[in-house]
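Heads up, the thing below is written out as structure tokens.
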Protein chains: 2
Amino acid sequence: MPDAQILVVDDEPDILSVLVYHLSREGYRVTTAVNGQGALTSAEAEQPDLIILDLMLPGMDGYEVLQRLRGAESTSSMPVILLTARREEDERVRGFEVGADDYITKPFSARELTLRVEALLRRSKAEPVSTSRRVTVGPVVLDREAHRVFSEGVEVDLTRLEYRLLEVMLERRGRVQTRRQLLQAVWDTNAAIETRTVDMHVARLRTKLGNAASLLETVRGIGYRFRALDK
Amino acid sequence: MPDAQILVVDDEPDILSVLVYHLSREGYRVTTAVNGQGALTSAEAEQPDLIILDLMLPGMDGYEVLQRLRGAESTSSMPVILLTARREEDERVRGFEVGADDYITKPFSARELTLRVEALLRRSKAEPVSTSRRVTVGPVVLDREAHRVFSEGVEVDLTRLEYRLLEVMLERRGRVQTRRQLLQAVWDTNAAIETRTVDMHVARLRTKLGNAASLLETVRGIGYRFRALDK
DNA sequence: TCGACCCGTGACGAACTCGTGACAGTTCCC
DNA sequence: GGGAACTGTCACGAGTTCGTCACGGGTCGA
């Protein structure tokens, strides 16, 4: 975390200054933007290590900013924490679907802020999630070449969908995946499948993973997340 | 990894030069090609130790290049790293299916590049896959010179296709092979053959292998795999 | 020409996989 | 504390996949 640069985007001066204050005190370099256009420009130009983005902005709202960030090559994998007053699940779901990495609801404590910032920075530094023929997360090993999976050293026998589901969850470890996202990633095209079916497969996968099942966490109201274990 | 020769295939001058720069600096001999035809020719002529292949090429694209490499005897087991900007899963899956050994997504760091190159060279050196006169995996011995096969010390009499199928499975032991891959490897050219026919030959091969048949595993929904018994 | 062998395909049953409804357990909010 | 929303688990039927059998066409040598 030392010397990381953070872009804070918020149009309310009060909140902006609170954010800047806390983050600066923790030793981060902070830059700011007060609207969507400025956010995009700064993100592109300064390549910050993390962005904190308010959803409610004049003109272009947070979703659109996020969507555009994800669309551009140079910012597509930039860690983003969404900031919102709304507790609505729909909002959060939409946020994760558009590609948010984490979420903070107002009002928030300084401690919550820094914890989330640290966690996200650590995570994105840990692994430039890329595709290799073998993925290891804690006690879980997935070997793409052999198409085999081990949990705590023991081979586990997975069906095609279970394997695929695990593969996706491991690749996107640390990030919440909505049921819809999982459907899209695991079940090819927009299959006409109940989102509840995902739960079923998660359950089956968990029983087969044994003790490691606890790493596959439920995020109530949103979806699932495979815990990212930093080394 | 000292003195290994690498063939880099990319039509974009910028990326090509970056690749050449980094690889040369690491001490590799580097040759280049800017399109599919040139890649095939160079691979054939220079027998590089590794190929880095961009997916997006003018004319013949990376998949086709890879497919042709895998189809020709002298290049069929050449280690290939695919290079792509696309993060899509489909692309990756397709890449592995066609026979890529690894994958790098743009943008990549110099470090990631050299790590993957080293890993792959090390790996392919470790298992001198092809053209050794004799392949032994557990109780199964295939003697290329004598064109004979033994299972648990007993000679087994195989037909031409059975022999070829076993040979391919042994060469690629530990890796899942889809029916399509097997068709391509065993039945030369894109024969118009039902994929189910592969099953039939696997079954025939199994009965002849006796107890060793259990090493030739079915991976439901995917294909087959010969269990790798590591020394 | 004939028989022996090899090979590709269709058919079919067994085993497995998967999606869904139902219901119980849990969590969250008021 | 009570109710609503959400999640875990069970059971079951439909669909898929795979192993095996049977058969017919093709090839090759005698």
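Look at CG on Leu183(B): it is 9 Å from P on dG8(C), rounded to the nearest Å. Here the C1' atom of nucleotide dA24(C) and the CG atom of Asp199(A) are 15 Å apart, to the nearest Å. The distance between atom CG of Leu165(B) and atom P of dC7(C), rounded to the nearest whole Å, is 11 Å. What separates CZ of Arg225(B) from P of dC18(D) is a distance of 13 Å, to the nearest Å. What separates CD of Glu217(B) from P of dC18(D) is a distance of 14 Å, to the nearest Å. If you take CG of Asp157(A) and C1' of dT17(C), they are 12 Å apart, rounded to a whole angstrom. Between Lys208(B) atom NZ and dT20(D) atom P there is a gap of 15 Å when expressed in whole angstrom units. Atom pair Arg206(B):CZ and dC18(D):P shows a separation of 10 Å (rounding to whole Å applied).
Taking five base pairs at each end of the helix from dT1(C)-dA30(D) to dC30(C)-dG1(D), the local helix axes there meet at an angle of 30°, rounded to 10°.
Heavy atoms only, all atoms of each residue included: Pro139(B) and Ala212(B) are closest at CG-CB, 3.9 Å. Contact record, Glu155(A) with Arg148(A): OE1-NH2, 2.7 Å, taken as the closest heavy-atom pair. Here the closest heavy-atom approach between residue Glu217(A) and residue Arg206(A) is recorded as C-NH2, 3.7 Å.
Atom CG in Asp49(A) sits 8.5 Å away from atom CE in Met78(A) (nearest 0.5 Å).
Contact between the side-chain N/O atoms of Arg179(B) and the OP1/OP2 oxygens of dC18(D) is found at a separation under 4.0 Å. The shortest distance between the side-chain N/O atoms of Thr218(B) and the OP1/OP2 oxygens of dT17(D) is not below 4.0 Å. Under 4.0 angstrom from either OP1 or OP2 of dC7(C) there lies no side-chain N or O belonging to Tyr163(B).
Contacts of Tyr163(B) classified as ring pair (Phe, Tyr, Trp, His ring centres under 6.0 Å), with partners at least two apart in sequence or in another chain: His147(B). When the side-chain hydrogen bond (donor to acceptor under 3.5 Å, both in side chains) test is applied to Arg196(B), the partners found at least two apart in sequence or on another chain are Asp199(B). Partners of Glu112(A) according to the side-chain contact (heavy atoms from CB on, under 4.5 Å) rule, which considers only residues two or more places apart in sequence or in another chain, are Ile104(A), Phe108(A), Ser109(A), Arg116(A). Residues satisfying the side-chain contact (heavy atoms from CB on, under 4.5 Å) test with Glu12(A), not counting sequence neighbours, are Asp10(A), Ile15(A), Asp54(A), Lys106(A).
Along DNA chain D, the nucleotide nearest Arg220(B) and the nucleotide nearest Ala203(B) are compared for position; the residue whose nucleotide lies closer to the 5' end is Arg220(B).
Ser17(A) places a side-chain N or O within donor-acceptor distance of the main-chain N or O of Asp14(A), the cut-off being under 3.5 Å.
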Set out, line by line, the N/O atom pairs under 3.5 Å between protein and nucleotides 18-20 of chain C.
{"residue": "dC18(C)", "atom": "OP1", "partner": "Leu161(A)", "partner atom": "N", "Å": "3.2"}
{"residue": "dC18(C)", "atom": "OP2", "partner": "Thr159(A)", "partner atom": "OG1", "Å": "2.3"}
{"residue": "dG19(C)", "atom": "OP1", "partner": "Trp187(A)", "partner atom": "NE1", "Å": "2.6"}
{"residue": "dG19(C)", "atom": "OP2", "partner": "His201(A)", "partner atom": "NE2", "Å": "2.5"}
{"residue": "dG19(C)", "atom": "O6", "partner": "Arg204(A)", "partner atom": "NH2", "Å": "2.8"}
{"residue": "dT20(C)", "atom": "OP2", "partner": "Glu194(A)", "partner atom": "N", "Å": "3.0"}
{"residue": "dT20(C)", "atom": "OP2", "partner": "Thr197(A)", "partner atom": "OG1", "Å": "2.9"}

